[in-house]
Amino acid sequence: MSFEKLNLIEPILKALQTEGYTHPTPIQAQSIPLVLDGRDLLGCAQTGTGKTAAFAIPIIQLLHEEHRNPKAPRPIKCLILTPTRELAIQIGESFSAYGRNTSLRHTVIFGGVNQHSQVQALKAGVDVLIATPGRLLDLMNQRYIDLRHLSLFVLDEADRMLDMGFIHDVKKVIAVLPAKRQSLFFSATMPPDVAKLADTILRTPAKVEVTPVSSTAEKVEQAVYFVDKPDKKALLQHVLEDESIASALVFTRTKHGADKVVKDLVKVGIKAEAIHGNKSQNARQRALTNFKSGETRVLVATDIAARGIDIDELSHVINYELPNIPETYVHRIGRTGRAGASGKALSFCDAEEKEFLRDINKLIGLKVPVVENHPYPLIGNGTPSPEPERRQGGGRSGGRPQGNRPAGDRRGNPHATDRRNESRSPGNDRRQGDNRRPTASATRDKRRD
Ligand code: AMP
C-alpha cells in the first residue's frame, strides 16, 4: 500500500515525500479513507503508531478542499484537544510538516506560558486549533475563541485525558461544539469510562485498532542487567562507555531520581539533561531540542514527561529503574521502535525490582535476555534469574502486594503510574495543560520522591 492509493492530493503527497514517508502505517492506511469519507472514528492506537498523521493528513485534505475566499475571515474549522503541551507541540509540528504545501493555518495553545502570543495568533485567524483543555477554556472564557464554525473535532489520548482529571474540562468544551461535525477519538486503551465518553462524542463511528501494546516489544532488542541499587550509577557510566550509543533516553521513576542521574553523568563528563514536570516549559523544550540535535547525548525522563516526546531514530532506551506497571515498560521501549525502526532497550534491575521484571516478561510473552558478564553483578539478594513460571496465582500482579498499587493501577491502566510519579509543584496548576490534581497517592509518592 502506498500513499498514492489513498487518494491524497498532490500538495500532501509532496509533503510526505519531503518527510521521507514511503508507506502509510497500519493506522494511517485504515483511518485516512474513513476520515476523508466524512466518518466519525474511534481509534485505539498509542503514540508511535503514526496516529498523528492518521488524523492530520485527512484533516488537512478536507480543509484544503473547502473553497474559501482568501480575503474572508478564518473561523476555526478544526479543534484538536490533547492532554499535554508536549503532545500539542508535536501535533502542531505535524500540521506544519504535512500541510507545508497548503495555505492552511494552525496554532497551538497550552498553559504554563504567557497567553499573549497565542492570543495574537488566534486574532490573525487559524483554520486548525491544537489545544490543551485548561488554556482552551481560559481563552474561550476570555472570548478569544469562537468554535461555532467548527466542522472537525479530534480528541487525542482520551484515556490519558481522563487519568489527568480533565474529564470536566473536556465535557465543557464538547458542550459548545456544533452538533453537526465530524469527530475523531483516539485512545491507547479503552476502559469503560473512556468508551462511555466516546459514546457521547461520536456518531456511528468506524472503529480502527492497531498494535496491541505487547507486540510493540517484539521489534526492540532488549537486555536486562541485574545490579544492586547503589551500583546503578556506575553501571550506567559503564554502559555509556559504548560509543555506539549515540543517544539514549534514560527513564527514572521520579523527578528527583532524574535530576540525580543527570548530576552524576555530568560529573563524569557525559552530556545529559533531564525533562520532567518540575522543569519550566522552556527548559523542557530546550532539553528536547538539544537532545534531538545531538548536543546532549543522554536525556533523562520520567514516564509522564516522556510520553509525548517524539524523537525520530532514538537508538537506545535505558530503564534506570523498572516501572511497576508492565505496560509502562512497553511504552518506554516502544520509543526506540518507531514506525518500523528498530532499537535497543537496556534495563537495570535490582533485587526489589525482580517482581516487576516477572510481570514484564509475562506481558511481553518472552524472557528479556540477561547480560551475564558485567562489572556490577547483583550480590544483594538471592539468584539473579527471574522465573515467571514459579509465580503463584497467575495474575499480572501476582506476588506483588496489592497494597502497593493505587486503585487506578488495578484497572491495568499504564498511565496510572505515570500520574503518581510526577509530583506537583505550586507553580504547576491544572490549568497548565500538563498537570494533575493532587491525590492522596500522589502525596504519598511525593514523600517518596
Ligand atoms: P505518532 O504515533 O503520531 O507519534 O508517530 C510516530 C512517529 O512515526 C513520528 O516520528 C512520525 O514522524 C513517524 N511516522 C508517522 N507516519 C509515518 C510513516 N508513514 N512513515 C514513516 N514514519 C512515520
Side-chain angles (χ1 to χ4, degrees), residues 1-8 12-33 35-36 41 43-61 80-100 106 108 128 130 154-161 184-189 208-213 215-216 219-220 247 249 288-289 291-293 299 301 303-315 317 330-343 414-415:
M1 160 80 77
S2 65
F3 280 111
E4 279 79 8
K5 294 233 166 73
L6 293 174
N7 289 325
L8 296 176
I12 293 179
L13 287 174
K14 244 173 80 189
L16 295 175
Q17 230 172 30
T18 312
E19 284 299 296
Y21 296 2
T22 50
H23 299 284
T25 66
I27 187 92
Q28 292 162 6
Q30 292 176 57
S31 307
I32 291 172
V35 180
L36 288 178
L41 199 72
C44 203
Q46 63 198 67
T47 311
T49 55
K51 81 171 154 64
T52 314
F55 64 77
I57 290 170
I59 286 173
I60 292 168
Q61 178 146 334
I80 297 162
L81 207 49
T82 191
T84 70
R85 42 198 160 188
E86 281 82 8
L87 282 166
I89 290 168
Q90 277 158 28
I91 295 169
E93 286 170 354
S94 295
F95 272 84
S96 301
Y98 313 139
R100 54 160 51 92
H106 69 270
V108 181
V128 178
I130 301 146
V154 181
L155 186 63
D156 186 36
E157 306 243 343
D159 52 355
R160 189 155 180 227
M161 199 78 95
L184 318 177
F185 186 104
F186 287 91
S187 192
T189 56
V208 293
E209 188 171 355
V210 290
T211 326
V213 69
S215 65
T216 313
K219 51 182 191 267
V220 180
S247 66
L249 180 58
L288 198 55
T289 308
F291 186 60
K292 280 183 176 178
S293 70
L299 187 67
D303 289 299
I304 191 118
R307 215 179 119 79
I309 298 176
D310 179 12
I311 304 158
D312 294 329
E313 294 165 36
L314 176 66
S315 69
V317 159
V330 179
H331 284 301
R332 287 183 182 182
I333 71 166
R335 312 226 136 254
T336 70
R338 301 217 136 187
S342 64
H415 311 315

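Numbering of ligands and ligand atoms starts at 1, following listing order.
Here S187 pairs with D159 under the side-chain hydrogen bond (donor to acceptor under 3.5 Å, both in side chains) rule; sequence neighbours left out. When the side-chain hydrogen bond (donor to acceptor under 3.5 Å, both in side chains) test is applied to T289, no partner is found at least two apart in sequence or on another chain.
Note: an N/O pair closer than 3.5 Å links T52 and ligand 1 by distance alone. Below 3.5 Å of separation, one finds no N or O of T22 facing any N or O of ligand 1.
Using a 4.5 Å heavy-atom cutoff, the side chains of L87 and R160 are in contact.
Proximity to F3 (heavy-atom distance under 4.0 Å) selects the following atoms of ligand 1: 19 (N). Annotation for ligand 1: atoms under 4.0 Å from non-hydrogen atoms of H23 are 18 (C), 19 (N), 20 (N).
The CG atom of L13 lies 8.0 Å from the CD atom of Q61; values are rounded to the nearest 0.5 Å.
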